[in-house]
Participant: 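Before I ask anything, here is the structure I am working with.
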4 protein chains.
Amino acid sequence: MIIHSILGCIKDVAKPDKRKEILRAAVELIAEQGFHGAPMAMIAEKAGVAAGTIYCHFRSRDVLINELYLEIEERITAFLQDGYVVENTIRERFLHLVTGLLRYFIAHPLDFRYMEQFHNSPYGAAFRRDKCLGKSDNNIYMELFEQGVSQRVIQDLPLIVLAALTFGPLISIMRDHTLGFVTLDDRLIEKIAASCWEALRQ
Amino acid sequence: MIIHSILGCIKDVAKPDKRKEILRAAVELIAEQGFHGAPMAMIAEKAGVAAGTIYCHFRSRDVLINELYLEIEERITAFLQDGYVVENTIRERFLHLVTGLLRYFIAHPLDFRYMEQFHNSPYGAAFRRDKCLGKSDNNIYMELFEQGVSQRVIQDLPLIVLAALTFGPLISIMRDHTLGFVTLDDRLIEKIAASCWEALRQ
Amino acid sequence: MIIHSILGCIKDVAKPDKRKEILRAAVELIAEQGFHGAPMAMIAEKAGVAAGTIYCHFRSRDVLINELYLEIEERITAFLQDGYVVENTIRERFLHLVTGLLRYFIAHPLDFRYMEQFHNSPYGAAFRRDKCLGKSDNNIYMELFEQGVSQRVIQDLPLIVLAALTFGPLISIMRDHTLGFVTLDDRLIEKIAASCWEALRQ
Amino acid sequence: MIIHSILGCIKDVAKPDKRKEILRAAVELIAEQGFHGAPMAMIAEKAGVAAGTIYCHFRSRDVLINELYLEIEERITAFLQDGYVVENTIRERFLHLVTGLLRYFIAHPLDFRYMEQFHNSPYGAAFRRDKCLGKSDNNIYMELFEQGVSQRVIQDLPLIVLAALTFGPLISIMRDHTLGFVTLDDRLIEKIAASCWEALRQ
DNA sequence: AATGAATGAGCTTTCATTCAT
DNA sequence: GATGAATGAAAGCTCATTCAT
């Protein structure tokens, strides 16, 4: 019994929560090699667990991949909400969100690469389909766009078009950044954010 | 003699050129299901040929996929060059290219979906890497951006950022269009093109 | 506790160690049908395992085939070393090795057939090439030949020629034996060994 | 008609007999790469004919391979019979045959490699089986062995054993020669032939 | 909860052979 | 006879998932 609890303690220090390790290994591999380059056995190895162990925490590969997506999305949302002041102007808030997103992805390139892989895959397609049916896109961005349109600050275009004008460039640029084709510094980030705003504003 | 020419005619109608059939089947499947959902056997079946026949025309799966990409790229380039007037202003030419691209993809949604799948896959990555090393990006867009920058009509940003500001939104919107989330009509296309211009211009 | 050990016993009898089973099935098939006649699926079936299981134990077909070769070679070496007396005359030791080899192969005809298949195949060629580069042929036979030559008991010919004069006949005869064209009994084995010695001696 | 015969003449000069070309290409490829490395399409290409053309001359791959074997065997027999003097002693005739065989193979290494490939393959096995059933081994060597035994010049061993004592070493040495492990010159050839005789003689 | 050997469906590719021309 | 595009069976190998321990 005593031995047990001692071992328990040791383990509490040494064992960094298998579920987290699995998720960490998965982002890394999928971000770097794509879904193809990340078979379950490899994820397990990188996570330091047995292949079967993954299935103790995730019902299937699909579940793991979707769960991973949701976790990252949550982290991003949290990051963006920090410092988001509802009282600021639409433009200020827009710039906050856009520069924030770029900064988050620059700081967490694996998260960015993962999101990309996810979106451009059957997983992403299925996800979008579900989201669409549920329609519960209570997104921080969408609210902003709606307000902007109703206040005649942003062009009167379908929300989805406004989203495309905003995120399309960001994704493209981030990709170029992760591939080393540009290096985004603060000045460039702000210029890009301003350009995106120009595309939206009335 | 007569029989011959009749047979010839019949063949002209009936013989569907297997190479073309294979390419057609491949775009369709890959566009709709992704690379995963398009194994060689399925492509062959959809093309109405035997599995081995594909290898009479393409050395390997990779070659088929890359060849397909090049063919589509060529078709797009040809389409955009039609009606492109070098004497027009930068803005006019920009709008021609952007609306042209949207119109092409709306008319050929499978081509769009294929390009997307390709770019977001190891194939696309390898392709980009090669292109980068060769650096021979004698692209119609890039020339226009360079001119625009040197004439102080377009903001002085890295070309790659200008490309992102242009194509990023287009890709996003096209994706939404193919998924039925918006319907792009001529009016909307022009508004979007104009917005993209606003993001670029000085 | 008791149950445990009983189960242990049963397992010792019943559990046939898949790796061994695979190797056994592989020798049998390859010896009897050649490499062509031994596809992985057939080996698996004969071993009573699933096709994929082979790859749990051997990284690839090539690895399986080479490993099998090494195992057999080891068994032969062990067999020949048993009863090999360094103090005996060159001739006595030569006869020990030659008759020993024949006896081993007669007792293990599958091993003989496998070795033959292996040597006369790309595997054998690659193997020989590697061995040659490494040159570490610390072979029991070669030592004996060297001694024999330096003591003027064996003709002064290149070692490789001495090897050919020794093993060439043995292989031919063994092949005829396995095909049922001769039956090797002890008397014949000794006569053959003596003949080989006549070919070598000064 | 005239045109036809002229063309015929031209062809007789230009066209080097497709059948021969196919056989030539086949030995070369099979000798150098083994049966695996010589698919029909590759043989056809090397022969400068279409894939289907091979089937105009040989009913199947197996037929081609067996025919090729017979042709080479015939050439060897012809070569050995040249200068074979029935009046000479057994020993003299034996040395003639053995050195002759070595010399033929040294001069035609592709033939040697082909024979080896053939013998160590299902083809060779089947061939031997058939030969055995037919028993029509009216071989020049076998006659000599029989004479030698009946004249008490050669040991009284089964003919097949005598054959093994003779050809076993030759094949081994030839292999080493083609692989560049020894270089056979006239002196060495004669020494080897003499050694083989020592193994046989009473 | 954790393990990892085992599974077997499914993948890409090869190649002897056929047959319309 | 000659062609070569087309065939399709069969090969080696991968990998998500299971399950006895």
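Letters go in sequence order (proteins before strands), and every chain restarts at 1.
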Participant: Give me each pair satisfying salt bridge (Lys or Arg N to Asp or Glu O under 4.0 Å) with a member in residues 35-48 of chain C, each pair once, sequence neighbours excluded.
Facilitator: C:E28-C:K46
Participant: Taking side-chain contact (heavy atoms from CB on, under 4.5 Å) as the definition, give me every residue that meets it alongside A:E116, ordered by chain and number, with sequence neighbours left out.
Facilitator: A:F112, A:R113, A:I171, A:R175, B:N120
Participant: Could you tell me the separation between the CD1 atom of A:I22 and the P atom of F:dA16, rounded to a whole number of Å?
Facilitator: 14 Å
Participant: Could you grab the distance from atom CZ of C:F118 to atom CG of C:L70, nearest 0.5 Å is fine?
Facilitator: 7.0 Å
Participant: Between N or O atoms, less than 3.5 Å apart, protein on one side and nucleotides 8-10 of chain E on the other: list the pairs.
Facilitator:
unit_1 : atom_1 : unit_2 : atom_2 : d
E:dG8  : N7     : C:G52  : N      : 3.3

Participant: Look at the side-chain N and O atoms of A:K18 and state whether any lies under 4.0 Å from the OP1 or OP2 oxygen of E:dT3.
Facilitator: yes
Participant: For D:E73, what residues pass the salt bridge (Lys or Arg N to Asp or Glu O under 4.0 Å) criterion, not counting sequence neighbours?
Facilitator: D:K131
Participant: Give the rounded distance in Å between these two atoms: CG of B:D17 and P of F:dA5.
Facilitator: 12 Å
Participant: Determine which bases of DNA chain E form Watson-Crick or G-U wobble pairs with both distances under 3.5 Å, and write the result as a 5' to 3' dot-bracket string with | for other-strand partners.
Facilitator: .||||||||||||||||||||
Participant: State yes or no: are the ring centers of D:F127 and D:H119 separated by less than 6.0 Å?
Facilitator: no
Participant: In whole angstrom, give the distance that lies between atom CE of B:M40 and atom P of F:dA9.
Facilitator: 17 Å
Participant: Quickly work out the D:N66 CG to E:dA16 P distance and round it to whole Å.
Facilitator: 15 Å
Participant: side-chain contact (heavy atoms from CB on, under 4.5 Å) with C:A38: which residues, sequence neighbours excluded?
Facilitator: C:L29, C:I30, C:I43, C:R61
Participant: Kindly write out the residues that satisfy side-chain contact (heavy atoms from CB on, under 4.5 Å) with B:E67, not counting sequence neighbours, or none if the list is empty.
Facilitator: B:R19, B:F58, B:V63
Participant: Figure out the CD/P separation between B:E45 and F:dA6, and round it to whole Å.
Facilitator: 18 Å
Participant: Hey, what do you get for CG (C:D17) to CZ (C:R24), rounding to the nearest 0.5 Å?
Facilitator: 11.5 Å
Participant: Using the closest heavy atom to pick a nucleotide of DNA chain E for each, name whichever of B:A38 or C:G48 lands nearer the 5' end.
Facilitator: C:G48
Participant: Mark yes when over 12 heavy atoms from residues, nucleotides or ligands other than B:R59 sit less than 6.0 Å from its CZ; otherwise mark no.
Facilitator: no
Participant: I'd like to check the side chain to side chain donor-acceptor pair (under 3.5 Å) partners of A:Y123; sequence neighbours left out, ordered by chain and number.
Facilitator: A:D62
Participant: Do the non-hydrogen side-chain atoms of A:F35 and A:I65 ever get within less than 4.5 Å of each other?
Facilitator: yes
Participant: In residues 54-64 of chain D, what residues come within less than 4.0 Å of DNA chain E, judged by heavy atoms?
Facilitator: D:Y55, D:S60, D:R61
Participant: Suppose we screen for side-chain contact (heavy atoms from CB on, under 4.5 Å). Which residues come up paired with A:T53, at least two apart in sequence or across chains?
Facilitator: A:K18, A:V49, A:A50, A:H57
Participant: Could you state the atom-to-atom distance from NE2 of D:H36 to C1' of E:dT13 in whole Å?
Facilitator: 13 Å
Participant: Applying side chain to side chain donor-acceptor pair (under 3.5 Å), name anything that partners C:H36, two or more places apart in sequence or on another chain.
Facilitator: none
Participant: Could you check which residues of residues 23-35 of chain D get a heavy atom under 4.0 Å from DNA chain E? Sort them by number, please.
Facilitator: none
